[in-house]
Engineer: 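This structure is in C-alpha cells; I'll ask about it shortly.
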Amino acid sequence: MSVTEKALVLKVGRFREADVWVKLLTASRGIFNAFAFGGSRSRRRFVGCLDPLSHVLFTIGESRRSDYIVLEEGSLLYNYPTIRQNPIKTGIAVNCIKFVEAVEVGPFDGKETYSLLLETMKMLDSSDGALDFIPWLFRAKFTFEMGFLPDFLHCGCCGSFVCTKKGFQFGIEKGQVACPTCLSGGKPLDGLARPISTGTLRALDWIQQSSPADWISVGMDSKVRRQVSQLVELFVAYHLGLSWENGMYKKV
Ligand SMILES: [Zn+2]
C-alpha cells in the first residue's frame, strides 16, 4: 500500500541508466533509503524532486516482495533557492545533514529531527546575518531534543540558582552544574567536568529554550561563544558518541 508523506531529500545517486536512489528524512521513518525507478528520465513524476535539499511530498510504496522502499511520484514543495545559491549556506546545511546522518536517526527520533532540520533550513534560507555558529547551535539543540536536558540555571547538588559568583563547574556526563559553595564543601562532580562562567550557563539555557528562528538574532561575546561551543562539542561527543574531524562526523 502506498502512503504520501513529506520528506527532505538528503542525498541522491544514480544507478543503472535511468534509476535513482535517494536518502530521505521524514517525521515518521527517520532517515531511510528509497529507489525512484526511471527517476532520472521521468520528468513528469518527479519534477524538481530528486535533488538534495528538496522538500517534497512523495507517494511512497514498497517493492513487490516488500524488501525495499520505492518512490512512486513526488511534488516539490520547496527547494530553498537561497541556500542553493549561496555556498556558505549550502555548506552549513550539508554540515547539519551530515550530523543527523551520523547519528543514524531512526523512526523513534524522526519527528524531532525532521522539524528541527526543516526549521533550520527555513531560517538559513531567509537569514542574512552571521551564520558561522549555526552548526554547533544545531548540534546543541538536536542533543537537547533527543532528551538530554541539563538544568543550566541551578546547582545540581544544592539547587541554588546560578548567580554572578565565579567558580562554577559543569559535569559533562550527568549534565549537571555545581556551584562554588558545593565544590569547596567537597562535593566534586563525577567524571569529566569543566569550569564554566555564568554567562556561558545562561547562553546554554537560552539555546535550550530557543528555536532556529531565534538564532538569527543571537549575540554572544567571543569568550562566551568559545566556551559554549567547546562545551557543546564535549556534550555531543559524550551523549551521542560523535565528533567532527576532518570534514566528517566520526563515532567516538
Ligand atoms: Zn550547590
Side-chain angles (χ1 to χ4, degrees), residues 6-14 20-27 30-31 33 36 39-40 43 46-58 71 74-103 105 110 112-145 203 206-207 209-222 224-226 228-230 232-233 236 240 242-250:
K6 289 179 189 171
L8 187 68
V9 176
L10 307 182
K11 260 188 198 164
V12 178
R14 290 272 285 271
V20 176
W21 65 261
V22 188
K23 185 175 263 190
L24 305 153
L25 168 68
T26 71
I31 295 176
N33 291 314
S40 68
R43 293 280 160 245
F46 297 107
V47 187
C49 297
L50 301 178
D51 291 313
L53 308 183
S54 295
H55 190 213
V56 179
L57 182 68
F58 277 117
L71 301 176
S75 36
L76 181 66
L77 299 170
Y78 194 57
N79 70 357
Y80 303 98
T82 68
I83 296 182
R84 283 161 198 274
Q85 283 153 18
N86 178 328
I88 295 171
K89 290 186 177 188
T90 312
I92 291 170
V94 168
N95 182 294
C96 296
I97 286 172
K98 279 186 180 172
F99 177 71
V100 297
E101 278 187 272
V103 176
V105 171
E112 288 78 11
T113 309
Y114 174 80
S115 55
L116 180 63
L117 195 54
L118 277 181
E119 282 176 41
T120 304
M121 300 272 292
K122 189 177 166 197
M123 177 271 299
L124 263 180
D125 200 50
S126 61
S127 137
D128 28 57
L131 298 165
D132 50 324
F133 41 82
I134 301 299
W136 60 260
L137 282 176
F138 180 83
R139 296 199 277 281
K141 185 68 187 173
F142 179 88
T143 310
F144 299 147
E145 290 286 316
W206 178 83
I207 297 168
Q209 317 295 331
S210 71
S211 68
D214 304 322
W215 300 347
I216 303 176
S217 58
V218 68
M220 270 180 219
D221 79 50
S222 59
V224 166
R225 216 158 109 173
R226 199 165 50 242
V228 171
S229 65
Q230 282 167 355
V232 163
E233 300 308 6
V236 169
L240 297 178
L242 292 177
S243 77
W244 174 256
E245 283 168 40
N246 305 323
M248 59 194 293
Y249 290 100
K250 294 213 175 102

Engineer: Which residues pass the side chain to side chain donor-acceptor pair (under 3.5 Å) test with Glu101, not counting sequence neighbours?
Structural biologist: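 Checked Glu101 against side chain to side chain donor-acceptor pair (under 3.5 Å); matches are Lys11, Lys23.
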Engineer: Can you tell me how far apart OG1 (Thr113) and CZ (Phe142) are? Round to the nearest 0.5 Å.
Structural biologist: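 With rounding to 0.5 Å, OG1 (Thr113) is 4.0 Å from CZ (Phe142).
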Engineer: I'd like to check the ring-ring contact (aromatic ring centres under 6.0 Å, His included) partners of Tyr80; sequence neighbours left out, ordered by chain and number.
Structural biologist: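 Testing Tyr80 for ring-ring contact (aromatic ring centres under 6.0 Å, His included), a comparison that skips the adjacent residues, returns Tyr78.
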Engineer: Kindly write out the residues that satisfy side-chain contact (heavy atoms from CB on, under 4.5 Å) with Pro87, not counting sequence neighbours, or none if the list is empty.
Structural biologist: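 Counting only residues at least two positions away or on another chain, Pro87 forms no side-chain contact (heavy atoms from CB on, under 4.5 Å).
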Engineer: Go through the structure and list residues passing side-chain contact (heavy atoms from CB on, under 4.5 Å) with Thr26, not counting sequence neighbours.
Structural biologist: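 side-chain contact (heavy atoms from CB on, under 4.5 Å) list for Thr26, sorted by chain: Glu5, Ala7, Ser28, Arg29, Phe32.
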Engineer: Report the residues that fulfil salt bridge (Lys or Arg N to Asp or Glu O under 4.0 Å) with Asp132, sequence neighbours left out, ordered by chain and then residue number.
Structural biologist: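 If we apply the salt bridge (Lys or Arg N to Asp or Glu O under 4.0 Å) test to Asp132, skipping adjacent residues, the hits are Arg225.
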Engineer: How would you list, by chain and number, every residue that makes a side chain to side chain donor-acceptor pair (under 3.5 Å) with Thr90, sequence neighbours excluded?
Structural biologist: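 For Thr90, no residue satisfies side chain to side chain donor-acceptor pair (under 3.5 Å) once neighbours in sequence are set aside.
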Engineer: Going by the rule side chain to side chain donor-acceptor pair (under 3.5 Å), which residues pair with Gln85 if we only count those two or more places apart in sequence or in a different chain?
Structural biologist: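 If we apply the side chain to side chain donor-acceptor pair (under 3.5 Å) test to Gln85, skipping adjacent residues, there are no hits.
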Engineer: Give the C-alpha distance, both sets of side-chain angles, the deciding distance and a yes or no for side-chain contact (heavy atoms from CB on, under 4.5 Å) between Asp51 and Val9.
Structural biologist: CA-CA 7 Å; Asp51 291 313; Val9 176; over 6 Å; no
Engineer: Got a sec, which residues hit side-chain contact (heavy atoms from CB on, under 4.5 Å) with Leu76, two or more places apart in sequence or on another chain?
Structural biologist: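 side-chain contact (heavy atoms from CB on, under 4.5 Å) list for Leu76, sorted by chain: Cys49, Ser54, Val56, Asn79.
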Engineer: Show the nearest heavy-atom pair for residues Leu25 and Ile31, with the distance to one decimal.
Structural biologist: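 Taking Leu25 first and Ile31 second, the nearest heavy atoms are CD1-CG1, 3.8 Å.
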Engineer: At what distance, to the nearest 0.5 angstrom, does NZ of Lys89 lie from OG of Ser127?
Structural biologist: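 One finds 5.0 Å between NZ of Lys89 and OG of Ser127.
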Engineer: Is Pro212 close to Leu116 at the side-chain level, that is, under 4.5 Å between some pair of heavy atoms?
Structural biologist: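 In contact.
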Engineer: Mark yes when over 12 heavy atoms from residues, nucleotides or ligands other than Leu57 sit less than 6.0 Å from its CG; otherwise mark no.
Structural biologist: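 More than 12 heavy atoms, drawn from other residues, nucleotides or ligands, come within 6.0 Å of this atom.
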Engineer: Does Lys141 have any salt bridge (Lys or Arg N to Asp or Glu O under 4.0 Å) partners at least two apart in sequence or in another chain, and if so, which?
Structural biologist: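 Expected list: Glu145.
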Engineer: Give me the atom names and distance for the closest heavy-atom approach of Phe46 to Gly39.
Structural biologist: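 Heavy-atom minimum between the residues: CD1-CA, 4.0 Å.
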Engineer: So, taking the atom named CG in Leu240 and the one named CZ in Arg139, what distance separates them when rounded to the nearest 0.5 Å?
Structural biologist: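 CZ of Arg139 is found 11.0 Å from CG of Leu240.
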Engineer: With sequence neighbours left out, what residues match Ser210 under side chain to side chain donor-acceptor pair (under 3.5 Å)?
Structural biologist: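 Listed in chain order: Trp215.
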Engineer: Show every salt bridge (charged side-chain N to carboxylate O under 4.0 Å, His left out) that has at least one partner inside residues 115-129, sequence neighbours left out.
Structural biologist: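 Sorted pair list comes back empty.
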Engineer: Listed by chain and number, what are the salt bridge (Lys or Arg N to Asp or Glu O under 4.0 Å) partners of Lys6, not counting sequence neighbours?
Structural biologist: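 Listed in chain order: nothing, the list is empty.
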Engineer: Indicate the ring-plane relationship of Phe99 and Phe138, choosing parallel, tilted or perpendicular according to the 30° and 60° boundaries.
Structural biologist: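 It falls in the perpendicular class, over 60°.
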